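Computed from a predicted model, the values in this text were never measured in an experiment.
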Amino acid sequence: GGMLPYIFIIFGFIGCMYPAIDLFTGEKERGTIETLLTTPVARWQILFGKMGVVVLSGITAATCSLLGLYLTIQTMDLGPNVEIMEVVNSILSIEFIALLYALLVPLTIFFAGILIPITIYAKSFKEAQSIITPLNFVMVLPAMIGFFPGIELNAMTAAIPVVNIVLSTKELISGTLSVGYYCISLGIMLLLATLSVIVSYRQFGNEARILN
């Protein structure tokens with residue numbers, strides 16, 4: 001159970017990272033951001049279009065990684081452990097996928113909202129990459145908590161970002177997920193996603209940041 005969110009988090013973050021750098025810092029380096037800002041389009045529309053690409057890239061990368069894991073298990077000769085495949089197939093229901101992505105989509109938006117202000121601030125692709133790369137480890141470390149025994153989803157852990165995703169997924173897979181704790185986890189991630197979008201909008205609205 002802890003493996004699925006761990007894979008999604010690491011690939012989702014990486015999937016968001018490079019498009020964010022290219023769409024913001026990359027345009028500053030190429031000198032095309034000035035031309036884009038002179039078009040008769042609202043600033044928020046430009047930001048949301050770019051953020052949409054970043055979020056979609058992160059979700060696609062994470063989904064492909066999970067799909068690759070599933071197909072790998074399907075093609076492996078599990079021998080005496082063939083029950084693993086039966087368990088996997090029983091878990092992958094429409095309800096499970098919907099509840100899982102209801103948590104993972106706000107997480108990806110949160111990642112994008114963290115990356116975009118950094119890429120707006122950075123003056124070069126190399127600078128943006130040097131700032132974001134250590135952040136990758138900071139984001140992944142909480143996901144490792146899902147592998148620790150004795151840590152369960154409760155009111156406190158449901159309020160901790162990233163950790164709540166890992167523990168909620170584990171509970172969802174085991175079929176013991178509490179609706180209340182799930183709602184807390186989802187609410188926290190939606191709140192963080194909203195705040196990250198607001199921060200990104202304010203940074204993108206600051207021309208001194210964009211044109212530095």
Taking side-chain hydrogen bond (donor to acceptor under 3.5 Å, both in side chains) as the definition, give me every residue that meets it alongside Y18, ordered by chain and number, with sequence neighbours left out. Q129
Got a sec, which residues hit side-chain hydrogen bond (donor to acceptor under 3.5 Å, both in side chains) with S178, two or more places apart in sequence or on another chain? none
Side-chain heavy-atom pair [X], [Y] within 4.5 angstrom cut-off:
X    : Y    : value
M51  : I116 : yes
I109 : V197 : yes
F204 : I46  : yes
L153 : K170 : no
V54  : L23  : yes
V163 : L167 : yes

Check step by step if side-chain contact (heavy atoms from CB on, under 4.5 Å) holds for V166 and I9. CA-CA 9 Å; V166 178; I9 288 168; 4.1 Å; yes
Heavy-atom pair with the smallest gap, counting every atom of [X] and [Y]:
X    : Y    : answer
P134 : I131 : CD-O, 3.4 Å
M189 : P161 : SD-CA, 4.2 Å
L186 : P106 : CD1-CG, 4.3 Å
I165 : T169 : O-OG1, 2.7 Å

Output the distance between atom CE (M17) and atom OG1 (T119), rounded to the nearest 0.5 Å. 11.5 Å
Please collect all salt bridge (Lys or Arg N to Asp or Glu O under 4.0 Å) contacts where either partner lies in [range], sequence neighbours excluded, each pair once.
range          : answer
residues 7-18  : none
residues 13-23 : D22-R30
residues 43-71 : E27-K50, R43-E207

What pairs with [X] under side-chain contact (heavy atoms from CB on, under 4.5 Å), at least two apart in sequence or on another chain?
X    : result
R202 : I198
I59  : V55, T63, Y101, V105, T108
S57  : P19
E29  : S124, F125

Return the set of residues passing ring-ring contact (aromatic ring centres under 6.0 Å, His included) with F13 (not counting sequence neighbours), or none when no residue passes. F111
What residues form a ring-ring contact (aromatic ring centres under 6.0 Å, His included) with F48, not counting sequence neighbours? W44
Verify, without hydrogens or angle tests, whether T133 (side chain) and S130 (backbone) share a donor-acceptor contact under 3.5 angstrom. no
Polar side-chain atom of Q203 near backbone of V199 as donor-acceptor pair, under 3.5 Å: no
Side chain to side chain donor-acceptor pair (under 3.5 Å) pairs touching residues 181-201, sequence neighbours excluded, are S168-S185
Are V41 and I33 linked, directly or through intermediate hydrophobic residues, by side-chain heavy-atom contacts shorter than 4.5 Å (ILVMFWY only)? yes
